[in-house]
Amino acid sequence: MIYDADYIVEEKTIVRLFEKNGKKAIRHDTTLEPYIYGLAEEDISRKLSTICAERRGEKVCVKNVELVEKYFAGKKRLFHKITFRHPQDVPSLREEIKMFCKIFEYDIPFVKRFCMDRGIVPLEHIERNPLKVMSLDIEVLCHGAPNARGDPVIMISTWGERGKVFSWKRADTEYVEFCKDERDMFERFFSFLQEEDPEIILTYNGDNFDFPYIEERCRILRIKNAFLDNLAIKKRTRGSEASMVGIVHVDMYPIMRRTMSLTRYTLEDVYFELFGVEKKDIDTGLIPKYWEKEDTRMILAEYALSDAEATYKIGASFLPLQYELCRIVGQMLFDISRSSTSLLVEYLLMRHAFQKNEVVPNKGHGSEGTYEGGFVMEPRKGLHEHVVVLDFKSLYPSIIITHNIDPQTIDCPCCKNNVAPTGHHFCMKKDAFIPSILKTLLEKRGEIKKKMKSDEDKSLYFQQWALKILANSFYGYLAYPLSRWYSKECAEATTAWGRQYLKTIMESAQKHHFSVIYGDTDSLFITMGDANTDNVRHFLEEVNSQLPSPMELEYEGYYQTGLFVTKKKYALYNGKILTRGLEIVRRDWSKIARDTQKSILSTVLQGNPQTAAEIIKDVTKRIKNGDVPIEDLVINTQLTMPPSHYKTKGAHVIVAERLMEEGQEVRVGDIISFLVKKGKGLIRDKAVTYEEFVKNKYEYDPDYYIQNQVMPAVMRIMTAFGYTEDTLKYEKSEQKGLEEWF
DNA sequence: CATTATCGGGG
DNA sequence: GTGTACGATAATG
């Protein structure tokens with residue numbers, strides 16, 4: 001069973017397949033040569049085979065050219081199959097080749113190409129060959145943002161078959177291994193890793209934090225070993241990726257972002273959401289204090305261990321889904337765990353294209369203007385009771401299948417009866433590429449769900465989930481301008497049909513005397529007068545008998561109350577609060593704004609907007625009177641470039657410039673913390689650091705904190721009750737328009 | 001209103 | 001690495 005792969009170059013390009021069949025082995029495969037296709041409008045094989053270029057002072061040439069028959073967009077065409085000695089020769093030679101013919105499949109990474117062409121199914125027998133998983137996490141001694149240049153790693157925690165913490169100050173627990181110093185800690189940790197020899201290392205944000213940090217510290221400490229030689233931190237446009245040869249690093253953070261819908265994705269939040277219990281947490285500002293004394297160092301060790309354990313547990317819950325995605329898509333775990341769903345769809349389509357002898361279209365070039373998306377109804381604002389949510393089961397996939405939407409079927413000479421609201425029509429006779437793959441996915445999912453009723457096999461659940469994720473990503477893939485099968489017309493037709501179906505259902509719901517409160521793309525929110533859902537069931541049956549298969553409207557859930565503010569902004573309550581688009585969670589808001597918002601949202605959903613109004617008045621009063629602790633007023637913003645590069649300078653940039661003039665060290669990437677002091681003028685001219693604020697005994701600007709912080713945060717919620725800003729602020733006490741919402 | 005800039009996760 | 005590619009939201013002009 002293959003769990004990872006890479007390639008090296010000797011005389012030939014060698015794909016190394018990392019396998020586990022009982023025990024581990026590395027298999028070499030030299031059967032695939034790098035290649036691309038050139039459209040053969042005429043046979044120019046001889047010309048093409050002489051093309052050479054220079055790369056780093058070395059001459060590289062096309063290795064071979066042969067004529068092959070392939071399909072392109074469903075039509076038989078002749079292509080030159082152009083082979084190379086080295087994958088890296090492709091980018092060096094393709095520009096020159098492009099001068100003579102149209103080229104295709106010139107940008108497919110070699111190992112991915114190998115997986116598609118050889119029909120590799122990674123992790124095919126994972127139930128028989130369970131992979132050894134180990135999580136890791138580091139703790140850093142820092143004041144403010146951690147900086148690898150000066151702030152040492154103080155603990156490394158791991159979890160797997162056992163929990164272990166490496167620390168270079170004593171802590172009296174059996175799981176802590178005491179090390180002499182930081183260097184000794186790293187060395188012991190690396191040899192531990194070598195002994196354990198896991199196939200998978202799990203982290204939480206290890207791509208951007210733990211591994212880059214470890215690498216930098218080891219460089220500073222001049223530690224060298226095989227593990228570090230095999231560790232690669234690749235810079236991407238956004239963030240980085242940390243990989244090792246023969247060990248799959250899976251960073252759970254990006255997976256959780258894609259898989260769960262939360263407002264925040266800290267380890268603590270994710271853990272709580274998944275397991276319903278609070279994970280051990282500490283104020284990271286206190287780490288230096290805990291580290292200092294032997295009796296409190298335990299707290300730190302426990303925290304370190306709990307992070308590694310939580311990461312491991314999250315992995316145990318979500319790796320199976322990644323495994324299934326690997327098997328369906330046919331690419332390696334490292335890539336699958338970091339790929340957007342659009343990219344997963346692309347790998348899958350490319351593999352199918354190879355099997356059908358189709359040449360893969362080239363990537364799109366970028367945005368070609370926007371078009372209309374799903375229908376979003378302006379909600380009936382305010383608090384509603386007995387809310388039922390209905391949604392279309394896989395709306396876009398079922399539309400694509402039902403109407404056979406594909407770049408190859410668009411505007412055929414036949415089938416003029418299958419017309420989208422956009423005016424384009426689609427051929428119903430052809431077995432189209434994308435709809436047929438999509439149909440296979442949905443049918444497979446149906447079978448698995450059926451099987452799940454009698455079969456206990458847990459992997460079935462993850463199989464159907466993986467299939468659902470992929471199916472639901474096809475529309476986004478068609479609509480993504482950089483994708484290889486991008487088609488604005490197809491995407492547009494899909495959403496247009498979607499709007500038509502949703503509007504029809506909404507009208508129908510109204511005819512059945514439900515009150516429609518809100519609807520977005522594939523869902524509608526209705527109220528029923530009481531908690532009896534029988535009428536809804538009837539309505540669903542009737543609707544579904546009329547919808548073309550596989551389209552289906554489903555019952556999503558019942559909620560005691562629902563608060564609707566504007567399009568895309570609402571909250572539902574059924575013992576638990578579920579919010580969409582309402583909460584502010586970012587660090588560039590002050591604590592007072594965040595806290596106030598949280599408390600009024602909860603109050604409102606329990607049916608007490610008056611109380612919420614009182615809370616707001618009380619907070620604004622406290623701000624006016626200067627009663628708010630200044631810690632709650634601090635705003636943190638990152639300096640992302642040198643101050644002189646800014647075209648528009650925000651408050652934090654002005655503060656950073658002043659600090660630099662005063663000779664303080666301010667670096668790009670630093671978080672600038674500031675408060676807004678009382679006075680006239682622009683916000684940025686009133687921004688001062690915490691130290692300046694305290695030293696000069698400034699007063700804060702109550703108007704700023706009310707107008708720009710607390711009010712925007714709470715007004716998102718309170719406008720739904722007809723409150724205006726003026727009625728909520730401290731000065732006035734009038735509450736108008738309240739009764740009409742009840 | 002459009003344009004420019006920032007957030008996230010980690011300590 | 002035969003790969004450029006986040007998506008949402010706030011502040012400024």
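The sequence lines fix the lettering, A, B, ..., with proteins before strands; numbering per chain opens at 1.
- Of the candidates C:dT2, B:dT6, B:dG9, the closest approach to any side-chain atom of A:Thr637 belongs to B:dT6.
- B:dG9 atom P lies 16 Å from atom CD1 of A:Ile255, rounded to whole Å.
- Remark: P of B:dC7 and CZ of A:Arg264 are 14 Å apart, rounded to the nearest angstrom.
- Atom CD1 in A:Ile314 sits roughly 13 Å away from atom C1' in B:dG10 (whole-Å rounding).
- Phosphate proximity of C:dA5 to A:Arg236: present, with a side-chain N or O under 4.0 Å from OP1 or OP2.
- The pair A:Lys289-A:Asp283 does not count as a salt bridge, with every side-chain nitrogen at least 4.0 angstrom from each carboxylate oxygen.
- Using a 3.5 Å distance cut-off with no hydrogens or angles, the side chains of A:Thr341 and A:Ser473 do pair a donor with an acceptor.
- B:dG8 atom C1' lies 15 Å from atom CD of A:Glu268, rounded to whole Å.
- At whole-Å resolution of the value, CD1 in A:Ile683 and P in C:dA11 are 7 Å apart.
- Regarding A:Gln707, its CD atom lies at a distance of 16 Å from the C1' atom of C:dA11, rounded to whole Å.
- Separating the CD1 atom of A:Ile138 from the C1' atom of B:dG9 is a distance of 13 Å, rounded to the nearest angstrom.
- Taking 4.0 Å as the cut-off between side-chain N and carboxylate O, A:Arg484 and A:Glu346 count as a salt-bridged pair.
- When heavy atoms are screened at a 4.0 angstrom cut-off, A:Tyr7 is found touching the sugar-phosphate backbone but no base atom.
- Between A:Glu241 atom CD and A:Ser243 atom OG the span is 7.5 Å, to the nearest 0.5 Å.
- Salt bridge annotation for A:Arg113-A:Glu105: present, with a cationic side-chain nitrogen under 4.0 angstrom from a carboxylate oxygen.
- Taking the ring axis of A:Phe18 as reference, the NZ or CZ atom of A:Arg16 does not stay both within 45° of it and closer than 6.0 Å to the ring centre.
- Classified by interplanar angle (parallel below 30°, tilted 30° to 60°, perpendicular above 60°), the ring pair A:Trp485/A:Tyr477 is tilted.
- Remark: A:Asp89 engages A:Arg55 in a side-chain hydrogen bond (donor to acceptor under 3.5 Å, both in side chains) (not counting sequence neighbours).
- Residues from residues 89-104 of chain A lying near DNA chain C, meaning a heavy-atom separation below 4.0 Å, are A:Val90, A:Pro91, A:Arg94 in numerical order.
- Across all strands shown, A:Ile287 has heavy atoms under 4.0 Å from sugar-phosphate atoms exclusively, and none from any base.
- Judged by a 6.0 Å distance limit and a 45° cone about the ring axis, A:Lys686 is not positioned over the six-membered ring of A:Tyr704.
- At C:dA11, none of the side-chain N or O atoms of A:His652 fall inside 4.0 Å of OP1 or OP2 (strictly under the cut-off).
- Rounded to whole angstrom, the span from the CH2 atom of A:Trp589 across to the P atom of C:dT9 amounts to 12 Å.
- Looking at A:Arg238, its side chain has no donor and acceptor atom pair within 3.5 Å of the base of C:dG7.
- When each of B:dG10, B:dG8, C:dT2 is scored by its nearest atom to the side-chain atoms of A:Asp137, the top-ranked nucleotide is B:dG10.
- A:Thr237 comes within contact range of the sugar-phosphate backbone alone, with a heavy-atom separation under 4.0 Å but no base atom that close.
- With respect to A:Arg236 and A:Asp207, no salt bridge is recorded, no charged nitrogen being found less than 4.0 Å from a carboxylate O.
- Nucleic acid contact class of A:Leu141 (heavy atoms, under 4.0 Å, all strands): none.
- Classified by interplanar angle (parallel below 30°, tilted 30° to 60°, perpendicular above 60°), the ring pair A:Tyr37/A:Tyr35 is perpendicular.
- Straight-line distance between the C1' atoms of C:dC6 and B:dG9: roughly 14 Å, to the nearest whole Å.
- Residues from residues 203-214 of chain A lying near DNA chain B, meaning a heavy-atom separation below 4.0 Å, are A:Tyr204, A:Asn205, A:Phe209 in numerical order.
- At a threshold of 4.0 angstrom between heavy atoms, the contacts of A:Asp307 are confined to the sugar-phosphate backbone, with no base atom among them.
- Here A:Tyr106 lies in heavy-atom contact (under 4.0 Å) with a base.
- Backbone-only engagement by A:Arg684 is indicated by non-hydrogen atom pairs under 4.0 Å involving sugar-phosphate atoms exclusively.
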